[in-house]
J.: 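One structure follows; several queries about it will come next.
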Amino acid sequence: WVGVEDGKVRPIGAPVALAGVDLSPDEKSMVVRRFTLPAPLGFPASLFPRKVELWPLDSAAPIALGDVPLNDRSAIASVSPLGPREFTYAPDGRALWFVSWEDTPGTSPQAAVRDTALPPPGHDRILRLDAPFTGAAVEVARGTFPVDGLLFTWDGARVIVYEGYEPRRVERQWWFEVRDPATRGVLVSRSTEGVYDAPGAIAMRSGRHDVRAWTTADGRAYYRIGEGYRADGQRPFLDRCAFDGGRTTRLFESEASRLESPVTLLSADGRRFLTLGQSARETPNWFLRRAGEASAMAVSAFTNPAEALSRAQRQSFTFKRDDGVVLNAEVVLPPDWKAGDKPLPTVFWIYPNDYRSAAAASQNRTSPNRFPSQSALNPEVLVTQGYAVVKPDLAIVGTNDQYVAELQRSASAAVEECVRRGFTDRDRIAVGGHSYGAFSTVNCLAHTKLFRAGLASDGAYNRTLTPFTFQAETRNLWEARDTYLTMSPFLYADRIDAPLLLVHNQDDTNVGTNPIQSQRLFEAMNGLGKTVQLVEYPYEDHGPVARETVLDYWARALDWFDRYVKNAAPATPQAP
């Protein structure tokens with residue numbers, strides 16, 4: 001620790017291979033997670049075995065809290081790890097709460113997470129260890145699904161439990177009283193597939209070295225901040241919610257013409273709060289609001305950093321596939337383009353989402369009132385050069401066994417709708433994307449003839465090189481061999497006729513997108529006589545950061561699309 005007065009650095013305990021530290025609210029102890037050495041080979045650090053100890057800050061000896069074994073069972077993310085986790089101090093620092101998973105004897109965790117008809121393969125025990133932390137922990141409650149976190153209310157009277165189970169795509173939130181754990185109630189129990197019924201995140205308040213749930217002065221209610229997606233757009237909100245089944249009171253909801261999101265409360269009664277307001281042309285700024293008042297006080301005055309982007313037109317629209325599934329999309333158009341004008345060269349920027357049901361896929365997740373992102377991979381810069389940029393949800397409904405057919409169906413429907421609306425020239429469409437979007441871009445080129453050119457950055461194209469699951473796929477290569485092979489555009493490189501610009505960062509540490517993925521696809525296409533270029537950026541991880549890289553990336557993208565899309569000769573109809 002470092003003394004504020006003298007600035008001296010004083011070590012706490014012996015040197016260890018530190019995995020993490022949590023300081024108690026009363027500053028009398030800390031929970032220390034340290035790796036067990038030597039580290040095992042062939043595993044990432046997140047799965048290393050570790051010891052969990054409580055270190056008193058009065059120089060007393062460390063107290064062992066538990067051992068976490070090598071997590072060699074969690075190649076499937078939804079299989080809960082063994083050992084103690086989610087350590088959370090009580091607000092007064094006099095108790096330590098945590099959870100520990102217990103397998104049900106005779107069950108197979110791997111089988112359970114693949115078969116949603118099976119019950120969870122065990123349960124999480126919620127345990128409490130009281131000061132001086134030398135005794136045995138006492139089981140207080142058990143979870144229905146794996147526990148994702150514990151959160152105290154501001155007064156310390158209740159514990160809120162977060163649960164989630166990815167195989168069924170469900171979430172559950174419930175609470176119990178600290179003094180009487182048998183007194184409890186359910187706050188949320190829902191599918192995570194949809195967004196219309198999303199209740200919002202519980203509002204947090206910073207304590208001493210912890211965060212807790214904002215509650216009313218009497219402790220009977222808490223607050224939620226929600227994104228507010230609806231069929232007609234996005235309307236972020238702030239709600240006050242009763243713990244004991246009472247009604248929910250809406251304290252604030254964004255108006256339809258702009259996007260104003262509550263960020264944090266400023267008072268326990270929920271009357272004062274901070275928001276972030278913006279529109280398609282209004283730069284995001286912070287506002288102080290009082291519940292029930294129409295006006296707000298601006299507390300920042302950021303100016304527009306990129307007028308050329310914010311002048312663009314934004315439209316949200318839907319498109320229907322041939323199987324009747326309705327999906328959502330957003331288009332960004334040059335400011336001077338109007339209906340009836342000549343159709344534009346168009347870039348589809350994609351990152352497909354997967355859904356279990358058509359109903360979930362059809363829910364609107366767009367917001368035309370959002371100010372243009374200034375992120376490095378925002379394709380909207382192309383609008384300033386005369387392109388339309390379309391961001392369609394090329395949904396994969398069902399399992400990856402139908403991935404290619406679903407991608408074809410969604411992409412075809414999106415193209416038809418854009419052409420029908422008049423802003424897209426059918427003969428001048430490109431497709432691009434990053435990471436999983438890059439993977440899907442190359443699949444679009446391999447399995448459709450909708451696009452004149454493609455841009456794929458930091459993608460994975462040979463799924464045999466990601467054999468232990470990827471994205472939403474929970475089966476490994478040997479369990480779903482045909483699916484992995486069919487989803488690998490590398491194996492269909494001979495079918496790619498459109499020019500493809502491959503970009504990859506040389507220090508990409510993302511587990512599924514090793515640079516060899518782009519290198520081998522480039523070699524395959526080059527060997528087959530295809531039009532392909534590979535650009536690699538040094539010192540960059542999974543996504544460009546350096547200004548030089550970002551500028552070079554979009555300069556090359558624009559040159560590629562101008563050459564092979566905007567200014568390309570009309571496409572020659574393919575021979576039967």
Side-chain angles (χ1 to χ4, degrees), residues 306 308-309 312 332 334 344-351 372-391 425 428-446 450-461 489-490 493 496-508 510 513-569:
L309 292 185
V332 186
L344 300 168
T346 300
V347 175
F348 274 45
W349 198 257
I350 66 172
Y351 193 102
S373 161
Q374 303 303 310
S375 64
L377 290 171
N378 181 7
E380 294 173 25
V381 66
L382 298 171
V383 174
T384 67
Q385 305 304 307
Y387 288 85
V389 173
V390 177
K391 299 177 181 179
D425 181 345
R428 296 187 296 164
I429 308 176
V431 62
H434 180 76
S435 193
Y436 196 69
F439 158 76
S440 296
T441 289
V442 181
N443 267 309
C444 279
L445 298 183
L450 299 170
F451 306 103
R452 297 295 303 274
L455 164 62
S457 60
D458 287 1
Y461 313 109
F490 177 83
I496 300 175
D497 296 320
L500 175 62
L501 174 60
L502 289 166
V503 179
H504 217 116
N505 295 324
Q506 290 182 344
D507 290 334
D508 188 345
N510 188 49
T513 54
N514 189 288
I516 198 174
Q517 292 271 7
S518 291
Q519 294 163 359
R520 292 297 182 262
L521 180 58
F522 169 77
E523 292 176 1
M525 291 185 63
N526 192 44
L528 290 166
K530 308 292 184 177
T531 302
V532 62
Q533 184 177 95
L534 171 63
V535 179
E536 295 183 285
Y537 292 110
Y539 312 117
E540 295 279 13
D541 202 334
H542 191 62
V545 173
R547 182 173 184 269
E548 294 84 353
T549 306
V550 175
L551 292 175
D552 188 82
Y553 180 103
W554 287 111
R556 290 178 185 273
L558 181 62
D559 176 72
W560 194 262
F561 292 148
D562 279 354
R563 183 184 309 174
Y564 294 112
V565 181
K566 180 191 282 188
N567 302 319

J.: Would you say the side chain of V532 lies within less than 4.5 Å of the side chain of I496, judging by non-hydrogen atoms?
T.: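 With C-beta onward as the side chain, the pair stays apart.
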J.: For I429 and V565, which heavy atoms make the closest approach, and how far apart are they?
T.: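 Smallest heavy-atom distance, with atoms named: N-CG1, 3.9 Å.
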J.: Identify, with sequence neighbours excluded, every residue that meets salt bridge (Lys or Arg N to Asp or Glu O under 4.0 Å) alongside D541.
T.: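 Checked D541 against salt bridge (Lys or Arg N to Asp or Glu O under 4.0 Å); zero matches.
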J.: Quick one: do L455 and W349 satisfy side chain to side chain contact (heavy atoms under 4.5 Å, CB included)? Show the steps, please.
T.: CA-CA 9 Å; L455 164 62; W349 198 257; 4.0 Å; yes
J.: Can you tell me which residue among L450, V390, V389 is in a side-chain contact (heavy atoms from CB on, under 4.5 Å) with F348?
T.: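 The residue from L450, V390, V389 that satisfies side-chain contact (heavy atoms from CB on, under 4.5 Å) with F348 turns out to be V390.
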J.: About how many Å separate CG of D508 and CG of N514, when rounded to the nearest 0.5 Å?
T.: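 Going from CG on N514 over to CG on D508, the span is 7.5 Å.
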J.: For G454, does its backbone N or O pair with a side-chain atom of Y564 as donor and acceptor, under 3.5 Å?
T.: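 No; judged by distance alone, with no hydrogens or angles, the pair does not exist.
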J.: Looking at R428 and K566, would you say the former's side chain and the latter's main chain have a donor-acceptor pair under 3.5 Å?
T.: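 Such a contact is found between R428 side chain and K566 backbone.
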J.: Are T513 and H504 close enough that some pair of their side-chain heavy atoms sits under 4.5 Å apart?
T.: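 Answer yes - side chains close enough.
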J.: Identify the heavy atoms of N378 and W554 that sit nearest to each other, and give their distance.
T.: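 Closest approach of N378 to W554: O-CZ2, 3.6 Å.
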J.: Among all residues two or more places apart in sequence or in another chain, which pass the salt bridge (Lys or Arg N to Asp or Glu O under 4.0 Å) test with E523?
T.: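 Testing E523 for salt bridge (Lys or Arg N to Asp or Glu O under 4.0 Å), a comparison that skips the adjacent residues, returns R520.
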J.: Do the side chain of D458 and the main chain of H434 share a donor and acceptor less than 3.5 angstrom apart?
T.: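 Between the backbone of H434 and the side chain of D458 there is no qualifying donor-acceptor contact (under 3.5 Å).
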J.: Heavy atoms only: give me the nearest A453-L445 pair and the separation to one decimal.
T.: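 Closest approach of A453 to L445, heavy atoms only: O-CD2, 4.2 Å.
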J.: In Å, rounded to the nearest 0.5 Å, how long is the span from CZ of F490 to CD of Q517?
T.: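 Output value for this atom pair is 9.0 Å.
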J.: Taking the side chain as C-beta and beyond, is there a heavy-atom pair between E536 and S518 under 4.5 Å?
T.: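 No; the side chains remain at least 4.5 Å from each other.
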J.: Could you pull out the closest heavy-atom pair between P544 and T549, with the gap in Å?
T.: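 Taking P544 first and T549 second, the nearest heavy atoms are CB-CG2, 3.7 Å.
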J.: Can you list the steps and then say if D562 with Y387 is a side chain to side chain contact (heavy atoms under 4.5 Å, CB included)?
T.: CA-CA 10 Å; D562 279 354; Y387 288 85; 2.6 Å; yes
J.: Below 4.5 Å, heavy atoms only, C-beta onward: do F561 and Q385 meet side chain to side chain?
T.: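 Not touching, per the 4.5 Å side-chain cut-off.
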J.: I'd like to know if the side chain of T441 reaches the main chain of G433, judged simply by a donor and an acceptor atom lying under 3.5 Å from each other, with no hydrogens or angles considered.
T.: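 Flag set: sc T441 to bb G433 pair under 3.5 Å.
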J.: Does some side-chain heavy atom of T384 sit less than 4.5 Å from a side-chain heavy atom of L309?
T.: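 They are in side-chain contact.
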J.: Would you indicate whether the side-chain heavy atoms of C444 and F451 approach each other to under 4.5 Å?
T.: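 Heavy-atom side-chain distance check passes, below 4.5 Å.
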J.: State, with a plain yes or no, whether a side-chain heavy atom of Y553 is found less than 4.5 Å away from one of L501.
T.: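 Sidechains of L501 and Y553: no contact.
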J.: Of all the heavy-atom pairs spanning N505 and P515, show the shortest one and how long it is.
T.: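 Reported closest heavy-atom pair: O-CG, 3.5 Å.
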J.: If you take all heavy atoms of A568 and R452, which pair is closest and at what distance?
T.: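 Taking A568 first and R452 second, the nearest heavy atoms are CB-NH2, 3.6 Å.
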J.: Could you go step by step and tell me if D507 and Y539 meet the side chain to side chain contact (heavy atoms under 4.5 Å, CB included) rule?
T.: CA-CA 6 Å; D507 290 334; Y539 312 117; 4.2 Å; yes
J.: Is there a side-chain contact between T346 and D425 in this structure, where contact means two heavy atoms from C-beta onward sitting under 4.5 Å apart?
T.: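 Of all side-chain heavy-atom pairs linking D425 with T346, none is under 4.5 Å.
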J.: Tell me if a side-chain donor or acceptor on E540 pairs with a main-chain N or O of V545 at a distance below 3.5 Å.
T.: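 Confirmed, E540 side chain pairs with V545 backbone.
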